[in-house]
Amino acid sequence: MASCRACGAGVGRQFRFCSQCGSAVGVELDLLDLAPPAHDEASVTYGRPGRFWAAVAGGLLAVVVGLWALSAIGGGDAGDAAAGPDRPTTTRVTARAATSPPTTERADPAASDVLTTTSDGGATPSTSVLADGGPLLGQPVGLSLLIGSQERLRRLDLDTGVMTGSERAGLPLFGTGRWVLVQGSSGLVRALPLADLDADVPSLWAQYSPVLPRPGPDPGQIWLPDAAGPTLVWRLVDAGSRDVLQEVDSGVAAWWDQAEAVIDPQVIGSGTGEVFERDGAAFRRVAEGELVAVGRTVVLVRRCTDPASCTLHWMDRASWREVPAAVPDNRAQELTTASISDDGRLLLYTTATESFLFDVSRGREVMAVGTWPGTLSVSPDGRWAVVVHVAGRIALYDVERGETVELPVSTSGDGQVVVVPSV
């Protein structure tokens, strides 16, 4: 465990900030953790100077050189050789120059990419090629995937198979127009231009609300929740200019029991089994049932005659009449959170133990996905939806054909993926 150079608080190697005060730190880990650094050191180091340590360093260097020589003589990857014929294999993302021919290797699924790291644990930008390159979906689609975790952020071009690393780390929340919202490990959220994910832009929002930002009604617009006052206030912000375009006071206590209410800037549901929609300066009652998820054109509500007997229902937002569309009835009681695609054809929902993608238009479950999938991410044309398997493998679901295209790339357990236009 290293220490923050600014305040001395403990800092895990996986983070590039102090868990207590948020200051940036550089972490350089040696093999022996013998003494803590001084509080004002330029970098966090371990060990003591002297001839003894010089000898140790020289010995370690000799061991490294010897191991490199043995691997060169063997002419292969020791990890791959130990895998055996029965271990699962996948295509590794290998880093290569843009002019080099694409290469394909068989490797352990965990080794899904090549990442270059600096001495302070940060990632340097790198370019890799997935499999043999070319359209990964069988046709050009003009789309890319942003794959992020608290350790790194990567962009995968689905038309070329090129994976580009970023100097920035964080979870991509959603794309809107020419922008993507990314939340860093400190909780700060930035609206980054898709053309430059490493752009030095100020933070747009901090995690001090019981809900996360939501896409606005038009591309490039973002709803930001503000829980600083007595009630939760939503502000519609332009991602580029950062101007506030609209402000909506929900009228609900800023910090409420999330089991009692689900909130959207325009639609509110409460534990009393009623749904309200904003009408001018006030909210009017529009439907009965517990509000489960809010989409652009439809909402999903749950109605229960008793705790053991519940049903799900689609409601049209224009008329607030029930829509005869398929629902995952076998999950009605255990469903906890959900998100809906803009066209209402897909539902991503979570139970206490797992999550699923449900095809509303076909009335069937597509597959189980990661336990914390975040918001459903669908391409702007509504055809492709990102699916992250429980094991972290990434796929795209073709809504038009009802087929899933597997990609030989994965994310970490806490990672998140969104689909955005290529730039």
Side-chain angles (χ1 to χ4, degrees), residues 15-18 21-24 125 143-150 152-155 164 166-252 254-255 263-268 278 280-281 294-296 339 342 374-380 416-423:
F15 298 107
R16 300 179 67 187
F17 67 94
C18 173
C21 66
S23 299
L143 300 172
S144 293
L145 298 184
L146 297 185
I147 307 169
S149 69
Q150 300 296 9
R152 56 185 173 179
L153 179 64
R154 299 170 290 168
R155 186 204 310 263
T164 305
S166 169
E167 292 181 345
R168 192 183 301 277
L171 298 176
L173 302 180
F174 58 81
T176 174
R178 298 179 293 106
W179 305 84
V180 61
L181 237 63
V182 175
Q183 185 174 35
S185 53
S186 63
L188 296 179
V189 173
R190 288 177 169 81
L192 301 176
L194 291 175
D196 183 9
L197 298 178
D198 294 320
D200 186 13
V201 297
S203 61
L204 186 67
W205 183 84
Q207 177 79 60
Y208 62 95
S209 165
V211 290
L212 289 172
R214 293 176 58 94
D218 296 321
Q221 296 180 353
I222 302 165
W223 283 110
L224 297 178
D226 183 356
T231 58
L232 184 69
V233 175
W234 290 90
R235 292 187 177 89
L236 184 63
V237 176
D238 181 273
S241 66
R242 304 168 69 90
D243 293 336
V244 177
L245 308 176
Q246 185 182 352
E247 188 171 292
V248 174
D249 190 333
S250 69
V252 176
W255 296 90
I263 288 190
D264 173 86
Q266 304 293 340
V267 181
I268 296 176
R278 184 173 180 82
V294 179
R296 290 187 182 272
S339 58
D342 287 349
T375 303
L376 176 63
S377 181
V378 182
S379 61
Q416 190 156 305
V417 184
V418 300
V419 56
V420 296
S422 295
V423 293

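Everything quoted here is computed from the prediction, not taken from an experiment. Scope of the values below: all heavy atoms of this structure, side chains included, with no hydrogens, waters or symmetry mates.
Here the side chains of Q266 and W223 are in contact, with some heavy-atom distance below 4.5 Å. Contact check for V417 versus S377: no side-chain heavy atoms found under the 4.5 Å cut-off. For the pair L245/L236, a side-chain contact is recorded, criterion being any heavy-atom separation below 4.5 Å from C-beta on. With a 4.5 Å cut-off on side-chain heavy atoms, I222 and T176 count as touching. The shortest distance between side-chain heavy atoms of V211 and L232 falls below 4.5 Å. L143 is listed as a side-chain neighbour of P380, based on a closest heavy-atom distance under 4.5 Å. At a threshold of 4.5 Å between non-hydrogen side-chain atoms, the residues P172 and R155 do not count as touching. Contact annotation: the side chain of L146 approaches that of L194 to within less than 4.5 Å [non-hydrogen atoms, C-beta and beyond].
Residues that satisfy the side chain to side chain donor-acceptor pair (under 3.5 Å) test with S203, not counting sequence neighbours, are absent from this structure. For R242, the side chain to side chain donor-acceptor pair (under 3.5 Å) test picks out no residue, with sequence neighbours left out. Every residue meeting the side chain to side chain donor-acceptor pair (under 3.5 Å) condition with Q183, not counting sequence neighbours, appears here in chain and number order: Q207. Listed by chain and number, the residues in a side chain to side chain donor-acceptor pair (under 3.5 Å) with S144 are S422 (sequence neighbours excluded). Residues forming a side chain to side chain contact (heavy atoms under 4.5 Å, CB included) with A281 (at least two apart in sequence, or on another chain): none.
One finds the CG atom of D198 at 10.5 Å from the OG1 atom of T164 (value rounded to the nearest 0.5 Å). The distance from the CG atom of L171 to the CD1 atom of I147 is 13.0 Å, given to the nearest 0.5 Å. With rounding to the nearest 0.5 angstrom, the CG atom of L181 is 9.5 Å from the CG atom of L212.
Here the closest heavy-atom approach between residue I268 and residue S250 is recorded as CD1-O, 3.4 Å. When all heavy atoms of A206 and L188 are compared, the pair lying nearest together is CB-CD2, 3.8 Å. Of all non-hydrogen atoms in L197 and L192, the two that sit nearest each other are O-CD1, 3.4 Å. Taking every heavy atom of both residues into account, A169 and R152 meet most closely at CB-N, 3.5 Å. Counting all heavy atoms, side chain and backbone alike, F174 lies closest to R214 at CZ-C, 3.5 Å.
R278 places a side-chain N or O within donor-acceptor distance of the main-chain N or O of G280, the cut-off being under 3.5 Å. At least one donor-acceptor pair under 3.5 Å links the side chain of R190 to the backbone N or O of V201. Judged by distance alone, the side chain of W179 and the main-chain N or O of D238 form no donor-acceptor pair under 3.5 Å.
Applying the salt bridge (charged side-chain N to carboxylate O under 4.0 Å, His left out) rule to pairs touching residues 177-186 yields nothing, sequence neighbours excluded.
With R235 as the partner, the salt bridge (charged side-chain N to carboxylate O under 4.0 Å, His left out) test is satisfied by one option alone out of D243, D226, D249: D226.
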